[in-house]
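Note that the structure is a prediction, hence the values are computed from the model and not measured.
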Amino acid sequence: RREGYLAGLTDAGLEMRPEYLAAGEFSVQGGRGAMAALLDTNEPPTAVFVMSDELAFGALNELWRRGLNAPEDVSLIGVDDHEFSEVVGLTTIHQEVSRHGAMAASILLEALQSAGGELRHHLAATELKQRSTTAPPGRSSPWSGQHPKGLGQRATS
């Protein structure tokens with residue numbers, strides 16, 4: 001996922017900004033912490049790609065805690081299409097986790113049983129589920145030159 005994100009930036013002619021890579025455990029709490037780190041940068045992002053829906057739930061919670069919203073302040077997209085993603089309107093990348101897991105196990109067992117141990121790659125199908133946490137690019141930054149750090153409400157111009 002990280003490699004895909006970085007490749008997408010390159011394809012779009014954008015530079016990777018190290019301060020925009022926020023690590024967190026794959027949990028709601030990890031998502032809160034990672035989003036807090038992003039919002040506390042000098043120039044907070046206007047869109048965030050999150051590595052899992054659980055992390056995205058925490059990120060969304062941190063936005064709400066600060067009086068911010070998705071997508072008005074920050075567009076947010078997750079990965080997995082967790083059963084609660086639709087409930088909160090999270091835009092996400094749907095994948096059939098159990099099918100992908102079974103496929104990965106089959107590939108691993110095949111590699112372990114073959115004498116050559118040759119690895120093969122398989123591209124798993126995914127689908128974008130566009131919901132209410134993303135908006136088209138090009139809108140003006142909600143920060144209006146202000147830093148949201150410590151603000152309990154949305155920055156206004």
Side-chain angles (χ1 to χ4, degrees), residues 1-9 11-12 14 16-41 43-109 121-144 146-156:
R1 294 175 189 176
R2 184 177 193 267
E3 289 175 15
Y5 164 74
L6 295 173
L9 288 176
D11 291 349
L14 300 171
M16 191 277 292
R17 296 177 63 173
E19 67 270 26
Y20 286 174
L21 295 177
E25 292 182 24
F26 274 65
S27 66
V28 171
Q29 187 60 35
R32 279 189 204 110
M35 180 58 85
L38 292 171
L39 293 175
D40 289 343
T41 60
E43 231 180 292
T46 58
V48 177
F49 169 71
V50 187
M51 300 284 190
S52 77
D53 286 354
E54 286 81 5
L55 283 163
F57 298 149
L60 192 56
N61 184 258
E62 182 62 20
L63 288 174
W64 293 338
R65 190 185 73 74
R66 294 182 185 222
L68 302 171
N69 290 299
E72 295 85 1
D73 301 299
V74 178
S75 282
L76 187 66
I77 183 170
V79 176
D80 289 330
D81 199 15
H82 186 281
E83 63 184 320
F84 292 114
S85 297
E86 186 174 7
V87 174
V88 298
L90 179 66
T91 296
T92 188
I93 298 172
H94 172 84
Q95 61 177 347
E96 294 183 34
V97 177
S98 57
R99 183 172 182 224
H100 293 179
M103 185 183 315
S106 174
I107 291 169
L108 176 62
L109 289 172
H121 297 274
H122 180 82
L123 186 59
T126 59
E127 177 187 354
L128 176 65
K129 296 284 188 169
Q130 190 169 351
R131 297 187 178 117
S132 63
T133 60
T134 53
R139 67 187 195 280
S140 62
S141 171
W143 306 121
S144 302
Q146 298 180 35
H147 190 283
K149 184 176 182 178
L151 293 179
Q153 54 193 322
R154 181 176 173 203
T156 58

From [X] [atom1] over to [Y] [atom2], what is the distance, rounded to the nearest 0.5 angstrom?
| X | Y | atom1 | atom2 | answer |
| --- | --- | --- | --- | --- |
| Met16 | Leu6 | CE | CG | 6.0 Å |
| His82 | Leu55 | NE2 | CG | 11.5 Å |
| Leu60 | Leu76 | CG | CG | 6.0 Å |
| Glu96 | Asp81 | CD | CG | 10.5 Å |
| Thr92 | Asp80 | OG1 | CG | 6.0 Å |
| Thr91 | Ile77 | OG1 | CD1 | 6.0 Å |

What are the two closest non-hydrogen atoms of Ala22 and Ala34, and how far apart are they?
->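 So the minimum-distance heavy-atom pair works out to CB-O, 3.5 Å.
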Over all heavy atoms of both residues, which pair between Gly78 and Ala56 is shortest? Give the atoms and the distance, please.
->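 Looking at all heavy atoms of both residues, the shortest contact is CA-CB, 4.2 Å.
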In chain order, what residues pass the side-chain hydrogen bond (donor to acceptor under 3.5 Å, both in side chains) check against Glu19, with sequence neighbours excluded?
-> Arg17
What residues, two or more places apart in sequence or in another chain, satisfy salt bridge (charged side-chain N to carboxylate O under 4.0 Å, His left out) together with Glu127?
->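 So Glu127 forms a salt bridge (charged side-chain N to carboxylate O under 4.0 Å, His left out) with Lys129.
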Spell out, as yes or no, whether a donor-acceptor pair under 3.5 Å connects the side chain of Asp73 to the backbone of Asn69.
->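 At least one qualifying donor-acceptor pair exists.
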For the pair Ser132 (side chain) and Gly89 (backbone), establish whether a donor and an acceptor sit closer than 3.5 Å, ignoring hydrogens and angles.
-> yes
Give the ring-plane orientation class for Phe49 versus Tyr5, where under 30° counts as parallel, over 60° as perpendicular and anything between as tilted.
->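 Geometry flag for Tyr5 against Phe49: parallel rings.
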Answer whether the closest heavy-atom distance between the side chains of [X] and [Y] falls below 4.5 Å.
| X | Y | result |
| --- | --- | --- |
| Phe84 | Glu54 | no |
| Val50 | Met35 | no |
| Val74 | Leu38 | no |

